[in-house]
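Working notes, structure below.
Note that the numbering runs from 1 along the sequence shown for the chain. All values derive from a computational prediction rather than experimental measurement.
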Amino acid sequence: YLITSNYKYPFLEKKEACIGPCDTDPKARGKGIYPFMINHIVNKNNDLTCYLFVRKDNKSSIRGVEKAGFEISKKRIRDTKIFHRFVYAK
């Protein structure tokens, strides 16, 4: 999903979007599908700053978003729904 309105995340500003939630079928994991797909979404929406929220204990997702070129965002977000998550931006 690509969420561009502030319906779910009121901290999103114009030209910002959130990708997710994302899930890869267990049989398809380890094949680079996750980084490929999130890059595809970003490239199709290159006028937006895209964010991903990744649980701090989800090492495979962290590897995937970093492989896709996302970096931990400096944006300050105060939202209890994402309290125990890293925020990545690209």
Side-chain angles (χ1 to χ4, degrees):
Y1 298 104
L2 182 67
I3 301 165
T4 56
S5 73
N6 62 5
Y7 166 73
K8 187 169 183 179
Y9 301 115
F11 52 80
L12 288 177
E13 299 173 17
K14 288 185 180 184
K15 299 292 185 183
E16 293 184 334
C18 176
I19 300 172
C22 302
D23 189 32
T24 305
D25 185 288
K27 293 179 258 178
R29 291 181 185 164
K31 299 179 181 176
I33 294 170
Y34 179 52
F36 173 82
M37 290 306 299
I38 57 178
N39 266 327
H40 177 73
I41 292 168
V42 169
N43 292 337
K44 296 278 280 179
N45 298 279
N46 61 1
D47 60 327
L48 301 174
T49 298
C50 293
Y51 293 95
L52 278 161
F53 306 110
V54 180
R55 282 192 341 256
K56 291 180 179 182
D57 63 346
N58 192 337
K59 293 180 179 166
S60 59
S61 287
I62 291 168
R63 280 192 307 273
V65 297
E66 290 176 348
K67 184 177 180 180
F70 280 75
E71 296 179 354
I72 292 184
S73 173
K74 293 182 180 19
K75 182 175 180 132
R76 289 189 58 139
I77 298 173
R78 295 176 189 238
D79 189 323
T80 57
K81 290 179 239 167
I82 59 169
F83 183 68
H84 294 288
R85 289 170 166 65
F86 289 124
V87 180
Y88 285 84
K90 185 172 184 180

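- You'll find the side chain of V42 reaches within 4.5 Å of the side chain of I19, heavy atoms only.
- Considering only residues two or more places apart in sequence or on other chains, K15 meets the side-chain contact (heavy atoms from CB on, under 4.5 Å) condition with D47, L48.
- Applying the salt bridge (Lys or Arg N to Asp or Glu O under 4.0 Å) rule to pairs touching residues 31-46 yields nothing, sequence neighbours excluded.
- With sequence neighbours excluded, the residues satisfying side chain to side chain donor-acceptor pair (under 3.5 Å) with S60 are N58.
- Residues F70 and V54 fail the side-chain proximity criterion, which asks for heavy atoms closer than 4.5 Å.
- C22 approaches L52 most closely through the heavy-atom pair SG-CD2, 4.4 Å.
- Closest of all the heavy-atom pairs between N45 and I41 is ND2-O, 2.8 Å.
- A pairwise comparison of heavy atoms in G64 and P35 identifies O-CB, 3.6 Å as the closest pair.
- Between I38 and A68, the shortest heavy-atom distance links the atoms CD1-CB, 3.6 Å.
- Legend: residues meeting salt bridge (charged side-chain N to carboxylate O under 4.0 Å, His left out) with R29, ordered by chain and number and at least two apart, are D23.
- Atom CD of E66 sits about 7.0 Å away from atom CD1 of I62, to the nearest 0.5 Å.
- Residues forming a side chain to side chain donor-acceptor pair (under 3.5 Å) with N39 (at least two apart in sequence, or on another chain): K90.
- Taking every heavy atom of both residues into account, S61 and Y34 meet most closely at O-CE2, 3.8 Å.
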